[in-house]
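Sharing a structure, written as structure tokens. Questions coming.
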Amino acid sequence: MRTIVILSALVALSLADPSVYFSEDFSGDWESRWVNSKHKSDAGVWKVSAGKFYGDEEKDKGLQTSQDARFYAISGKFSKTFSNKDKNLVIQFTVKHEQNIDCGGGYVKVFPSTLDQTDMHGDSAYNIMFGPDICGPGTKKVHVIFNYKGKNLLTKKDIRCKDDVFTHLYTLIVKPDHTYEVKIDNEKADGGELEADWDFLPPQKIKDPEAKKAEDWDDKAMIGDPEDQKPEEWDKPEHIPDPDAKKPEDWDDEMDGEWEPPQIDNPDYKGEWKPKQIDNPNYKGQWVHPEIDNPEYTEDKDLYAYDDFGIIGLDLWQVKSGTIFDNVLITDDVEYAKKQGDELWGKTKDAEKKMKDAQDEEDRKKQEEEEKNRKEDEDKNKKEESDEDEDDDEEKKEETKETEDKEPIDDTNTENLDEKEEEIPKSDDHDEL
């Protein structure tokens with residue numbers, strides 16, 4: 001009977017609802033749930049949109065940046081505060097840089113409940129900062145920053161983020177066993193031990209300050225063979241006078257100085273002589289500095305835990321606006337987060353890409369048509385210009401011809417004709433008349 005009760009309790013526990021501390025899809029009266037910071041009077045304006053392409057116009061609506069070159073600051077409060085001590089912490093959201101972002105943040109910050117939301121700004125103390133950050137070709141990383149005892153600790157790893165225009169799912173899992181995992185699109189991108197990948201604590205071991213390498217410690221594995229001797233004919237100059245050079249005929253020793261032939265590389269030069277290498281009989285290996293326990297190291301079994309989570313915020317800068325945040329989730333259930341990611345992001349991602357591909361194809365055809373029309377207009381204009389040039393040439397020819405036809409008869413030629421008429425002899429018949 002006792003076994004049945006225990007099994008029933010375990011089943012009930014496994015079927016219990018996960019602890020969801022915050023969930024937001026920016027539907028309905030989202031503005032009543034979020035607070036804009038008034039720290040900057042010129043902060044960027046947010047709007048709700050699914051963007052220019054999407055898988056489902058309603059489901060894919062999220063919070064979008066709408067003004068270029070602006071700081072953005074907005075936050076949402078949890079219904080109740082919580083601590084992640086002795087349980088998993090999962091921070092998850094989707095982000096879409098449909099504007100093909102050149103420089104700007106796509107991360108979230110999770111704050112304690114004590115944050116003044118109306119005054120949230122870049123220096124406001126947070127617990128965890130997580131998400132993608134892009135700025136030029138050099139910065140395309142996933143930030144995972146923990147605030148520990150007042151210091152913001154950056155990861156030692158370089159976790160690359162997605163840099164395309166599609167929606168991507170980002171998930172951070174922090175576990176009580178001091179391990180973590182970063183997932184992108186529900187696939188593991190990185191993970192490891194908190195203490196190894198962040199400088200939460202001083203190193204457990206340090207080099208023994210009292211230890212020193214012995215003076216006679218020989219750490220050279222190879223040495224020159226003492227029996228090896230340099231050949232007598234080894235030493236040759238690196239450069240020699242050119243034997244084929246001849247003194248120019250117009251060289252004047254008094255004016256030009258004593259003539260010397262130019263130098264050339266010596267074909268017999270062998271370089272610096274070195275004895276051949278042999279194993280060092282006194283080699284003791286590489287000396288390793290011994291380590292001791294670090295007296296400044298103190299284990300912290302709760303370095304992963306925070307006493308107070310209460311607010312999530314978007315506090316970022318963007319040069320080119322258009323980023324869409326959506327499907328924000330804070331929970332302690334890893335499997336629930338994965339399932340929700342599959343349900344919300346997973347079911348629309350393919351349709352989103354299909355719509356974008358269709359738009360790109362339409363744009364391509366439009367550009368081809370515009371280029372074709374431009375070329376046709378260009379050819380048409382060239383032909384019209386050519387026809388006009390031909391017409392101008394014909395007009396010029398006609399004008400030239402008319403001008404030639406209208407030229408006056410030369411008087412000199414006229415007089416000559418008259419003289420010729422007078423010289424014509426009279427016929428006999430005419431005399432008789």
| said: salt bridge (Lys or Arg N to Asp or Glu O under 4.0 Å), that's the test. Do D219 and K213 meet it? Break it down for me. | reply: CA-CA 10 Å; D219 55 9; K213 184 171 69 171; 3.2 Å; yes
| field | F22 and W34 aromatic ring geometry - parallel, tilted or perpendicular at 30°/60° bounds | value |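 Taking F22 first and then W34, their aromatic rings stand perpendicular (interplane angle over 60°).
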| Salt-bridge contact D302-K85 (side-chain N to carboxylate O under 4.0 Å) |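 A salt bridge is present here (some side-chain N lies under 4.0 Å from a carboxylate O).
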| task | For residues W46 and Y72, establish whether the separation of their ring centroids is below 6.0 Å. | result | yes
| task | Compare all side-chain heavy atoms of T118 with those of V35 and state whether any distance is below 4.5 angstrom. | result |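 Yes, close enough: below the 4.5 Å cut-off.
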| field | Test: D68 and K320 ion pair at under 4.0 Å | value |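 Salt bridge flag = no for K320 with D68.
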| Does any donor atom in the side chain of N266 or H239 lie under 3.5 Å from an acceptor atom in the other side chain? |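 N266 vs H239: no donor-acceptor pair found between side chains.
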| query | Will you find, in the side chains of S321 and Q67, an N or O donor that is under 3.5 Å from an N or O acceptor? | reply |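 No, Q67 and S321 have no side-chain donor paired with an acceptor closer than 3.5 Å.
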| query | Is any side-chain heavy atom of I278 less than 4.5 Å from a side-chain heavy atom of P226? | reply |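 Yes, their side chains come closer than 4.5 Å.
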| said: Would you say E193 and T179 are linked by a side-chain donor-acceptor pair, where the criterion is simply a distance under 3.5 Å? | reply: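 T179 vs E193: no donor-acceptor pair found between side chains.
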| Minimum heavy-atom distance between A351 and G55, given as atom pair plus value |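 Smallest heavy-atom distance, with atoms named: CB-CA, 3.6 Å.
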| field | Set of ring-ring contact (aromatic ring centres under 6.0 Å, His included) partners for F309, sequence neighbours left out | value | F82, Y306
| field | Gap between atom CD1 of I74 and atom CE of M120 - 0.5 Å precision | value | 8.0 Å
| Any side-chain heavy-atom pair of S79 and Y21 under 4.5 Å |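 Contact flag for S79/Y21 side chains = no.
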| field | Output field: ring centroids Y107/F130 closer than 6.0 Å | value | no
| Salt bridge check: are R160 and D163 linked by an N-O gap of less than 4.0 Å? |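 Looking at D163 together with R160, the answer is yes, because their closest N to O distance falls below 4.0 Å.
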| Can a salt bridge be assigned to the pair R364 and E368 using a cut-off of 4.0 Å between side-chain N and carboxylate O? | yes
| request: Flag yes if more than 12 heavy atoms outside K353 fall under 6.0 Å of its NZ atom; otherwise flag no. | output: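 No - once you tally the heavy atoms of other residues, nucleotides and ligands closer than 6.0 Å, there are 12 at most.
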| query | Rounded to the nearest 0.5 Å, how far apart are CG of D326 and CG of D25? | reply |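 Here the interatomic distance stands at 6.5 Å.
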| field | Within-4.5 Å side-chain heavy-atom neighbours: L194 and L303 | value |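 Of all side-chain heavy-atom pairs linking L303 with L194, at least one is under 4.5 Å.
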| said: Any salt bridge linking E371 with R374? Criterion: basic side-chain nitrogen under 4.0 Å from a carboxylate oxygen. | reply: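 Yes, E371 and R374 are salt-bridged.
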| query | What distance do E258 atom CD and K247 atom NZ have between them, rounded to the nearest 0.5 Å? | reply | 8.5 Å
| Under-4.0 Å salt bridge between R33 and D29 |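 No, this pair does not count.
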| task | Compute both the distance and the angle, then confirm whether K40 meets the cation-pi test with F71: under 6.0 Å from the six-membered ring centre, within 45 degrees of the axis. | result | yes
| query | Has K156 got more than 12 heavy atoms of other residues, nucleotides or ligands less than 6.0 Å from its NZ? | reply | yes
| Within-4.5 Å side-chain heavy-atom neighbours: I134 and H97 |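 SC-SC contact between I134 and H97 confirmed.
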| message | Can you confirm whether the side chains of T323 and Q99 place a donor and an acceptor under 3.5 Å from each other? | response | yes
| query | Between W198 and Y180, is the ring centre distance below 6.0 Å? | reply |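 Ring-ring flag for W198/Y180: true, centres closer than 6.0 Å.
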| query | Roughly how far, to the nearest 0.5 Å, is the CD1 atom of I223 from the CG atom of N282? | reply |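 Going from CG on N282 over to CD1 on I223, the span is 7.0 Å.
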| Salt-bridge present (D190, K157; N to O < 4.0 Å) | yes
| said: Using side-chain heavy atoms (C-beta onward) and a distance below 4.5 Å, is V108 in contact with V328? | reply: no
| So, K365 and E369, do they make that salt bridge, N to O below 4.0 Å? | no
| field | K188 NZ to T171 OG1 distance, which is reported to the nearest 0.5 Å | value |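 Rounded to the nearest 0.5 Å, the NZ-OG1 separation comes to 13.5 Å.
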| field | Short side-chain donor-acceptor distance under 3.5 Å, T155 and D197 | value | no
| message | One thing to verify: whether K284 and D218 come together as a salt bridge, which I'm taking to mean a side-chain N less than 4.0 angstrom from a carboxylate O. | response |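 No, this pair does not count.
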| message | Can a side-chain donor-acceptor contact be found between S19 and D332 if the only test is distance below 3.5 angstrom? | response |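 Checked: D332/S19 side chains pair up, N/O donor to acceptor below 3.5 Å.
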| query | Could you state the interatomic distance from OH (Y54) to CE (M355), rounded to the nearest 0.5 Å? | reply | 4.0 Å
| query | Would you call K356-D360 a salt bridge at under 4.0 Å N-O? | reply | yes
